[in-house]
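Written below as structure tokens is the structure these notes are about.
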Amino acid sequence: MSETKNEGDRRPESFHAHHARGDDVESSRDGSDSSSHASEDGNDLDRYSTHHSMGPDAPVQPESSVIEIPDEVYDRLPSHRKYVIVSLLSFCSFLAPISSTSVLAASPEVAKEYGTTGSIINLSNALYMLMMGLSPMCWGPLSQVYGRRWVTIVTAVAFLACSIGTALAPNLAAFFVFRILSAFEGTSFILVGSSVIGDMYRPTERATALGWFLSGTLIGPAFGPFLGGIIVTYTTWRVIFWLQTGLAGIAAVGTFFLLPETIYHKKIDDLVGYSGKEKGKILWSMINPWRVIRLYEYPNLLLAGLASSALLWNMYSILAAIRYVLNPRFNLTTPLQGGLFYLAPGVGYLLGTFFGGRYADIVVRKYIKKRGMRIPEDRLYSSLPFMSFIAACMLVYGWTIQMDKGGIPLAVIILFLQGFAQLFCFPSLNTYCLDVMPGRSGEVVAGNYVLRYLFACASTGAVLPAIDAIGVGWFSTISSAMMLFGTLSVLATIRWGRKWREEIDAKKKAQRYRQRQALRNGPLTAAGHDVGEAAAEAPAAANGGARMTTPVMQQRKDEV
């Protein structure tokens, strides 16, 4: 096994178990059970039977955030096939972020055509970021229930359609609507792509793969304005979105033919045998967006999300303002000249791809050797120095621009360095989300993206008014302070994250124990009804789950 030992002395819940409905089928370690599936077209890998995923109304509720994943799960695909999938997903993840920033270099031209201002066009970008923040609450649970492949295919086709709509938008309202819908669909590439990498790679390997994948999500925002600047200098801004349409078409075809179903267990498989009404209620509990938000009862996940959010705030506050800040400062007159500044962080992101994820995996292996076990929080050590470095870069960047010191060379160097440093932070934080709760990785990643893109939305919307009000130096100081707060959040997660997880798991275990005790004792009310049965049903009802059926109750009594 690659994960030498699991964390702590307690035994994690087994990935395999008897099915909760009492059919007495036990999964074997090699996955050769009655619930494993493989489709004839080769797009579906072996899947594994488990009951841990069924949510708040599960007949057998998990009491630990840590489950054991069979090592053979990571060997279902050969290495060359994994490389193809990572390359495809990195390309797909390039689309939504490039769409978020490619129009920045053309904002004045778009505003002129629709008879509005640059601030209003920036508002469309802020709403784009807002939708990127909200949509993971939908795609995360759906990818856990129905799998990664079909969610990606459906959203790729929808993103293609919305790109065409944006290119043809006849008025400002249509432009806003299609931009927002593009964000809703496009974020699934980023979210589901991270989950696919978690499905394919062991914890000691996945940060390297994730670094390559994330290069698309970061290079997109940086190179988008550069491409937009070239296009709008020589032709109309609508060509930006026709280019996006062509790229979206390639993504849709690629995902259909090259992306297999990588998830090792679809939650929808747990619903076999339920009646229509019961099935609908339990299915809603599985895909309910609130599941994603409830994960923040774990403080470690909240702090990791805030650290990621500080990075996105920093990133988009720089990118959204480059043309409005640097062009006037250095007397640049064309969109192309302003767009060249975006190459500096873009090259930093590209070079960081070769080192950031690999370094995070090296740190993990170092601490496994040191402790004799793998603790997910150890991975975060790799991000600490680089987050502090980005905070320093923001101060230098803001105040040298404010005081007109250093000229273009210093601005370019700082933009490059902070871009390079970000590729040492994002693989560490993103992979932590995959490591810390393997059975719900899609939802954990979704929660992280919800928070980070809400901050990106706030940054995009606030940067220009704030710079006008207080100057680029003080705004960069605020961004630097947020980066320091993110650094402290990571430090706190490293120090207390494991303790917090165990405390929350212990509370859930105690609550479950009380429910089982009430079910076993079965005290009668004055009317002669079994309140133990009612107590068992109450948590499910409170969470919108299905009413427990009599056979399930009997099975739970047998388990006790």
Residue list, ring-ring contact (aromatic ring centres under 6.0 Å, His included) with Phe485, at least two apart or on another chain: none

Set of salt bridge (charged side-chain N to carboxylate O under 4.0 Å, His left out) partners for Arg452, sequence neighbours left out: none

Set of residues satisfying side-chain contact (heavy atoms from CB on, under 4.5 Å) with respect to Met137, sequence neighbours excluded: Leu134, Pro289, Val292, Ile293, Val450

Qualifying residues under salt bridge (charged side-chain N to carboxylate O under 4.0 Å, His left out), relative to Asp435, sequence neighbours excluded: Arg206, Arg379

Those residues that, when tested against Leu488, pass side-chain contact (heavy atoms from CB on, under 4.5 Å) (two or more places apart): none

Those residues that, when tested against Ala492, pass side-chain contact (heavy atoms from CB on, under 4.5 Å) (two or more places apart): Leu303, Trp496, Trp500

Which residues share a ring-ring contact (aromatic ring centres under 6.0 Å, His included) with Phe389, sequence neighbours left out: none

Residues which pass salt bridge (charged side-chain N to carboxylate O under 4.0 Å, His left out) with Glu297, listed by chain and number, not counting sequence neighbours: Lys508

Partner set under ring-ring contact (aromatic ring centres under 6.0 Å, His included) for Phe420, not counting sequence neighbours: Phe424

Arg365: partners by salt bridge (charged side-chain N to carboxylate O under 4.0 Å, His left out), with sequence neighbours left out: none

Pair listing, salt bridge (charged side-chain N to carboxylate O under 4.0 Å, His left out) test, anchored in residues 84-95, at least two apart: none

Salt bridge flag under 4.0 Å for residues Asp361 and Arg202: no

Partner residues of Thr245 under the side-chain contact (heavy atoms from CB on, under 4.5 Å) criterion, sequence neighbours left out: Leu160, Ser163, Ile164, Trp242

